[in-house]
Amino acid sequence: MIVLPIFGRKIRFMKNFIEELRWRGMLHDVMPGTEELLNSGMTKGYIGFDPTADSLGVGNLVQVMLLLHFQQCGHKPIALVGGATGMVGDPSGKSQERNLLNEEILAHNLACQKAQLEKFLDFNCGEQSAEIVNNYDWFKNFSFLEFIRDVGKHITINYMMAKDSVQKRLDSGMSFTEFSYQLVQGYDFYYLWKHMGISLQMGGSDQWGNIVTGTELIRRKESGEAFALTTPLIKKADGTKFGKTEGGNVWLDAKRTSPYQFYQFWLNAADEDSKNFIRIFTLKTKDEIEALEAEHEKAPHLRLLQKELAKDITIRVHSEKDYNAAIEASEILFGKGTAEALMNLSESDLLSVFDGVPQVEFPKSALDGGINVIDFLVEKTNIFPSRGEARKMIQGGGVLINKGKVESENRNLDSADTIKGKYILAQKGKKNYFLVVLK
RNA sequence: GGGGAGAUACCAGAGUGGCCAAAUGGGACGGACUGUAAAUCCGUUGCGCAAGCUUCGGAGGUUCGAAUCCUCCUCUCCCCA
């Protein structure tokens, strides 16, 4: 969105949101009439977030970016945190009945997610300010009888049964609770439409069914009109699931996924994927992206796209400072001739570089007079489960101490092999680091 | 209730008395190559420096010698009622 001060007041030139999503590859399905609605002026739109964890993951990031693009195009984004829906459990894409979360955990999760959303969206820009709503607010005093009279009456079982999310579970079974989920989410949309003038719900393509139940409810209950739009499921070129690494989910919370690991996640994207990701996860314009792509083609090994992507998103989710630390860490871990650089790191930098790397404690006194590497790696620190394995890997050239290859299994370590007298960095292969802390 | 098949390492799956620490494939890990990618190639994959030790569902037994034969137990699958 471009804001120009003219005659002392701000005039907004809206970008076409649908067009924007289209070239970014973020549009899967859109209900007829949605584009007209958006072009007619500032629109309020919302996306629901499922409070199953106390942090959003990169999988949720698509939706967060969707809201951000929405706001950038001159509209008003609303994030709905599912205090009530979280208690029911969305069956979409789930093959099994879910465990219900208790209220305490839900409240904690909601608060954490809220804090994360606030990093992305502008909550203080006049009428377009983002808002966060919690559907528990309007569900907590809604009685079951009222619900089945006011909401259930308008939607037929036949309609609900036809939903994909229900069909897929017909064989394996599904509780009434999960079956009702679409009505609960549908009512959210109705409530927001009725009381806040929100006429658009967005979400992942798996949410289409639930969203449409909402527009249907609005139509049947009040002959009102509401719209829907979904993003495609993110696919990776190699077919594996987006948002996971060997270590599990990639989270936005620095306590779960360190900024360094987060940065690395994006940096490691395949070339093909990075082209899609940079469109989805950054606000860069089409021209900027195409220029970057052309640049990338000329020298693919520099991985310019991945670097720009990782930079943009790491700064947005964490901070400029965390980004710089991640770069520094990456250079030390993957750069060349870094043994010296490692020794010269300040202690606080060292610790932040190796944040997220397993740490092992080791008695400092045991170094006096030297200790054999294998004893060190196996008996004292359990970096290797057995002596034989450690020995074999040393022979294969896969063990490094302080970035220097261990040439022989007879190598001894003493106080000269420490970093600042306090740490030893052990490496099993290229990627597995262990920071040994001397006590 | 009756009948049959089976249980082997991370997984799948050979092995039916010594040549078995156990084929082969996958996975995992390491190395080379590379772009911290993909593909490919090489190596490792029970413990031990070694002698050797402990492993083939569990417990006993036969034998100089058992994953392999016998007995009992536990569990899984299939077929018929």
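Each chain gets a letter, A, B and so on, in the order the sequences are listed, and its residues count up from 1.
- When the P atom is compared between B:A51 and B:A39, the two are found 38 Å apart, to the nearest whole Å.
- Using a 4.0 Å heavy-atom cutoff across all strands shown, A:Asn432 reaches sugar-phosphate atoms only and no base atom.
- Distance from the side chain of A:Lys431 is smallest for B:U36 among the nucleotides B:C49, B:C29, B:U36.
- For NZ of A:Lys321, the number of neighbouring non-hydrogen atoms (other residues, nucleotides, ligands) closer than 6.0 Å is 12 at most.
- Taking atom C1' in both B:G15 and B:G6, one finds a spacing of 15 Å when rounded to whole Å.
- Comparing atom distances between the A:Gln264 side chain and each of B:G31, B:U36, B:C29 picks out B:U36 as nearest.
- Distance check, rounded to the nearest 0.5 Å: CG of A:Leu68 to CZ of A:Arg316 gives 5.5 Å.
- Using a 4.0 Å heavy-atom distance criterion, A:Lys428 is classed as a sugar-phosphate-only contact.
- Checked against B:G31, B:U44, B:U36, the side chain of A:Lys392 finds its nearest nucleotide in B:U44.
- Distance check on atom P: B:C56 versus B:A50 gives 23 Å, rounded to whole Å.
- Atom name C1', nucleotides B:C11 and B:C79: the rounded distance is 28 Å, in whole Å.
- Comparing B:U36, B:A32, B:G48 against the side chain of A:Ser330 picks out B:U36 as the nearest.
- Scanning both residues, A:Asp417 and A:Ile424, for their nearest heavy atoms gives O-CG1, 3.6 Å.
- Listed nucleotides B:G35, B:A32, B:C29 differ in distance to A:His301; the shortest reach to its side chain belongs to B:G35.
- Across the P atoms, B:G48 and B:U16 are found 31 Å apart, a figure rounded to whole Å.
- Contact between the side-chain N/O atoms of A:Ser386 and the OP1/OP2 oxygens of B:G48 is found at a separation under 4.0 Å.
- Regarding contacts with the backbone of B:C49, a side-chain N or O of A:Arg387 is found under 4.0 angstrom from either OP1 or OP2.
- With both ends at atom C1', the span from B:A22 to B:U45 equals 14 Å, rounded to whole Å.
- When the P atom is used for both B:U71 and B:A5, the distance is 14 Å, rounded to whole Å.
- Listed pair A:Asn268 / B:G35 fails the phosphate criterion, with no side-chain N or O lying under 4.0 Å from OP1 or OP2.
- Nucleotide B:G27: paired with B:U45 (Watson-Crick or G-U wobble, both distances less than 3.5 Å).
- Between A:Arg391 and the phosphate of B:C49, there is a side-chain N or O to OP1/OP2 separation shorter than 4.0 Å.
- Annotation: A:Lys422, atom NZ; neighbour count of heavy atoms from other residues, nucleotides and ligands within 6.0 Å does not exceed 12.
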